[in-house]
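For reference, the structure discussed in these notes is given below.
The structure displayed is predicted, hence computed values, not measured ones. All values below were derived from every heavy atom in this structure, side-chain atoms included, with hydrogens, water molecules and symmetry-related copies excluded. A, B, ... follow the sequence lines: proteins, then strands. Residue 1 opens every chain.
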2 protein chains.
Amino acid sequence: MTDDELSSRPLPTADDVAAIAGVSRWTVTRAFKNNASISEKTRAKVMAAAEELGYAPDLLASSLASERSNLVAVLVDDFNNPHKLVMLERLTTAMRSAGLDTLLVNTLGSEDAQHALRNATQRRVDAAVLIGVNFDDSILHAALGARRVKKLILFARASDHPETISICVDDVAAMREITDYVIDKGYRRPLFLAGPDTRSAHVFRKETFVAHWQSRFDVTPEVLSVGSYDPRRAFETIERNLTSRRAYPDVIVCENDALAIGAMDALRHALGLRVPDDIAVTGFDDVPLAANRVYDLTTYRQPMTAMAEALVEVVLNRSDGSGLCQFGGRLVPRHSA
Amino acid sequence: MTDDELSSRPLPTADDVAAIAGVSRWTVTRAFKNNASISEKTRAKVMAAAEELGYAPDLLASSLASERSNLVAVLVDDFNNPHKLVMLERLTTAMRSAGLDTLLVNTLGSEDAQHALRNATQRRVDAAVLIGVNFDDSILHAALGARRVKKLILFARASDHPETISICVDDVAAMREITDYVIDKGYRRPLFLAGPDTRSAHVFRKETFVAHWQSRFDVTPEVLSVGSYDPRRAFETIERNLTSRRAYPDVIVCENDALAIGAMDALRHALGLRVPDDIAVTGFDDVPLAANRVYDLTTYRQPMTAMAEALVEVVLNRSDGSGLCQFGGRLVPRHSA
DNA sequence: TAAACTCTTGCACGCGCGAGCAAGCTTGAC
DNA sequence: GTCAAGCTTGCTCGCGCGTGCAAGAGTTTA
């Protein structure tokens with residue numbers, strides 16, 4: 001058959017396949033479904049006919065007729081952090097091998113999350129995954145209150161909201177490990193560099209660091225807030241804050257790698273200091289750039305693949321989503337601290 | 001009404017809204033459609049009822065009933081290049097404001113593109129956008145031959161395939177501009193660092209550079225191939241290739257920023273050279289990191305926003321997709337060359 | 001005031017498939 | 001050979017909305 005014939009022909013449906021295979025339409029449906037009650041012989045017959053026609057089930061019609069769409073919305077509000085790309089890669093990989101498709105939703109600024117969420121639910125997504133940073137209580141409430149989204153999952157972020165499912169590392173354990181590492185290395189004048197000040201959906205790294213350091217030395221470590229995870233703003237914050245000082249900290253513990261990289265750049269290029277000789281730096285996430293010899297950043301790697309797989313389990317209802325904030329990661333010691 | 005009431009109730013349909021507004025279901029549909037034949041008065045009435053119920057049209061059912069899904073698949077095969085994040089951000093922004101949703105498809109390695117494409121078409125996407133690098137002829141043929149995808153768009157990449165739509169900068173003009181810039185700066189011993197060797201869907205930067213340099217000096221510049229856009233591999237390639245040399249090039253012209261950054265790292269940290277004093281470097285793309293003071297990379301910025309908007313026009317059939325590979329970008333001179 | 005026109009509204013039918021039940025078939029024990 | 005039990009297959013009805021046409025309402029012109 002020629003291209004022209006193909007182009008003018010509508011896509012084959014289950015009826016077409018059924019006609020060729022000599023079975024009913026519903027048998028065709030069963031052939032494409034796991035655990036369906038169908039004999040191997042007829043399934044083979046159906047598959048052969050499907051192959052011949054180039055048939056593939058219409059997921060749209062399937063979603064409409066059933067309660068499952070196998071579509072998951074992933075909402076992202078921060079495209080500046082390269083770590084998001086790593087997350088997207090892991091998530092899409094895990095989801096695709098489980099037959100789940102990804103609807104990527106850009107929340108276009110913090111005020112837009114509600115629209116984004118509504119938009120996603122109009123496509124009947126089975127779940128919405130938030131991998132952004134600026135999602136606060138009002139958004140969670142709106143999303144859950146209206147019941148427009150079946151499942152709300154926070155990825156790599158904790159939440160105390162009871163109807164939300166969080167999948168993340170045990171931030172407390174992780175940050176304690178970093179703190180102890182820094183202390184073991186002999187640093188005693190720390191500065192904690194924090195990101196945005198979100199409320200319910202956030203990380204507990206700052207609080208943990210402060211508390212743990214206090215418990216070890218009975219002094220409250222200094223905290224500096226950048227307001228976002230933008231490396232450029234971290235650069236400016238460090239530059240502005242440190243230039244007028246008489247005494248520098250000896251280590252800057254950062255809430256994530258984006259901040260750490262901005263901080264290192266500021267230390268070296270704005271203040272003319274050496275890392276780690278003058279001031280050490282630690283991060284969190286282990287972004288690709290952290291392994292770069294320029295930065296060689298001591299950081300903490302989250303078990304992203306395992307977390308993505310856990311997310312799939314939750315979406316498929318094979319997990320109730322409890323106890324998913326206890327993932328253990330791995331401290332990656334490098335040269336920066 | 002309580003949360004419980006809401007949770008047990010199915011989502012409102014157009015029928016529910018119609019009942020409250022005292023109109024027919026089709027009038028409700030019209031109220032949500034632009035350019036529909038409906039009076040302002042009834043539209044207001046419908047909207048009030050919809051607001052009351054929290055109704056939003058079901059895009060799934062809408063897609064099934066019509067020939068448009070307002071869904072666009074974006075296929076990505078390379079999550080290592082941070083530039084992809086910029087593209088995704090621009091694309092999703094432009095598409096969402098045009099009412100198009102994004103299906104993010106990870107092609108999971110080069111052999112998987114066909115499955116990915118089929119997967120996308122099962123959701124009736126209006127178009128498939130390829131922003132990867134490893135899409136070659138066989139994939140384009142399979143996709144177009146089976147007619148399973150209505151529109152195949154290559155973003156930021158040229159193609160000579162007649163049934164494919166390319167949206168990209170004029171690589172020839174861009175690369176000539178870079179070449180002339182490098183020449184004007186006085187560099188005379190160039191090395192071109194190329195990425196993967198894809199066939200039909202690729203950039204013409206290498207060819208243009210070679211041809212243009214030849215036309216200026218009548219000598220063929222040296223070309224080194226990395227095989228991918230991975231900065232680490234660029235690092236290794238440069239390190240391995242330059243260490244055993246007696247004479248260095250005075251400028252390395254890279255096919256994109258990822259390569260340029262890997263090359264700069266190798267020059268500085270593996271070979272102990274200074275950039276640009278010993279060897280200058282240029283890139284292409286203007287990734288966020290290029291503006292970092294550590295790299296301060298001379299590069300070329302593609303008009304990503306305009307390109308994303310052009311893509312939307314193509315998807316919405318407001319453009320036939322011709323002449324979309326003539327976008328003009330901007331050379332961004334920085335310190336690296 | 002009637003005719004002609006435009007704008008607005010309602011409706012039959014279909015998009016492709018799934019849940020759940022009922023009928024047909026096979027198998028094995030008696 | 002008979003009947004119950006299990007397995008396999010077919011089918012009715014519906015998911016929520018769009019297309020295209022026809023009827024109704026409103027407006028203008030002669």
Side-chain angles (χ1 to χ4, degrees), chain A residues 9-47 49-50 53-71 99 118 121-126 148 150, chain B residues 9-47 49-50 53-71 99 118 121-126 148 150:
Chain A
R9 182 179 319 191
L11 287 179
T13 73
D15 277 313
D16 302 330
V17 177
I20 290 195
V23 297
S24 73
R25 176 169 71 72
W26 297 271
T27 300
V28 174
T29 298
R30 288 192 184 92
F32 279 89
K33 185 176 160 189
N34 291 333
N35 311 322
S37 156
I38 185 174
S39 70
E40 269 316 313
K41 207 164 65 181
T42 44
R43 168 169 277 160
K45 202 165 54 179
V46 169
M47 286 314 202
L53 289 180
Y55 167 81
D58 186 320
L59 264 27
L60 231 93
S62 163
S63 307
L64 185 62
S66 74
E67 283 307 303
R68 300 278 321 268
S69 64
N70 289 316
L71 229 203
R118 158 168 291 236
T121 57
Q122 285 183 270
R123 298 237 177 234
R124 293 200 180 188
V125 295
D126 287 337
R148 293 202 60 93
K150 303 186 210 165
Chain B
R9 181 178 318 192
L11 287 179
T13 73
D15 277 312
D16 302 330
V17 178
I20 291 195
V23 298
S24 73
R25 175 170 71 73
W26 296 271
T27 301
V28 174
T29 298
R30 287 193 184 90
F32 279 88
K33 184 177 163 189
N34 290 333
N35 311 322
S37 154
I38 187 175
S39 71
E40 269 316 312
K41 206 163 64 180
T42 46
R43 168 169 276 160
K45 203 165 54 179
V46 169
M47 286 314 202
L53 289 180
Y55 168 81
D58 186 320
L59 264 25
L60 232 100
S62 161
S63 308
L64 185 62
S66 74
E67 283 308 303
R68 299 279 321 268
S69 65
N70 288 318
L71 230 203
R118 158 168 291 235
T121 57
Q122 285 183 270
R123 298 234 177 237
R124 294 201 181 188
V125 295
D126 288 338
R148 294 202 60 93
K150 303 187 208 164

Please enumerate all protein N or O atoms sitting under 3.5 Å from an N or O of nucleotides 21-25 of chain D, with distances to 0.1 Å.
none

How would you label the contact of [X] with the nucleic acid (heavy atoms, under 4.0 Å): base, sugar-phosphate, or nothing?
| X | answer |
| --- | --- |
| B:Arg43 | nothing |
| A:Ser63 | nothing |
| B:Leu64 | base |

Could you give the [atom1]-to-[atom2] distance, from [X] to [N], as a whole number of Å?
| X | N | atom1 | atom2 | value |
| --- | --- | --- | --- | --- |
| A:Leu60 | D:dG18 | CG | C1' | 14 Å |
| A:Leu11 | C:dG16 | CG | C1' | 11 Å |
| A:Asn34 | C:dG18 | CG | C1' | 16 Å |
| B:Asp58 | C:dC15 | CG | C1' | 13 Å |
| A:Asp15 | C:dG18 | CG | P | 12 Å |
| B:Lys33 | D:dT19 | NZ | C1' | 8 Å |
| A:Leu59 | C:dG18 | CG | C1' | 13 Å |
| A:Gln122 | D:dC15 | CD | P | 19 Å |

Got a second to check how far [X]'s [atom1] is from [Y]'s [atom2], nearest 0.5 Å?
| X | Y | atom1 | atom2 | answer |
| --- | --- | --- | --- | --- |
| B:Leu64 | B:Leu59 | CG | CG | 12.5 Å |
| A:Arg124 | B:Leu60 | CZ | CG | 6.0 Å |
| B:Ile38 | B:Phe32 | CD1 | CZ | 10.0 Å |

Winner on side-chain proximity to B:Thr13, out of D:dC17, C:dC17, D:dT9, is D:dC17
Starting from the C-alpha separation in whole Å, work towards a yes-or-no answer on side chain to side chain contact (heavy atoms under 4.5 Å, CB included) for B:Arg118 and B:Gln122.
CA-CA 6 Å; B:Arg118 158 168 291 235; B:Gln122 285 183 270; 4.0 Å; yes
Where the side chain of [X] meets the backbone of [Y], is there a donor-acceptor pair that is under 3.5 Å apart?
| X | Y | value |
| --- | --- | --- |
| B:Ser66 | B:Ser62 | yes |
| B:Asp126 | B:Arg68 | no |
| A:Ser69 | A:Ser63 | no |
| B:Arg43 | B:Ala31 | yes |

So, is [X] close to the [N] phosphate, meaning a side-chain N or O under 4.0 Å from OP1 or OP2?
| X | N | value |
| --- | --- | --- |
| A:Thr29 | C:dC17 | no |
| B:Ser24 | C:dT9 | no |
| A:Ser39 | D:dC7 | no |
| B:Ser66 | D:dT19 | no |
| B:Thr42 | C:dT9 | yes |
| B:Lys45 | C:dT8 | no |

Students should find that the end-to-end axis angle of the helix from C:dT1-D:dA30 to C:dC30-D:dG1, with five pairs defining each axis and rounding to 10 degrees, is 40°
5' precedence on DNA chain C between B:Ala61 and B:Val23 (nearest-nucleotide basis):
B:Val23
Pair of N/O donor and acceptor under 3.5 Å linking D:dG18 base with B:Arg25 side chain:
yes
Heavy-atom nearest nucleotide on DNA chain D taken for A:Trp26 and for B:Ser62; more 5' hit belongs to A:Trp26
Does a side-chain heavy-atom distance below 4.5 Å link A:Val46 with A:Val23?
yes
Within the 4.5 Å heavy-atom criterion, are A:Tyr55 and A:Leu11 side-chain neighbours or not?
no
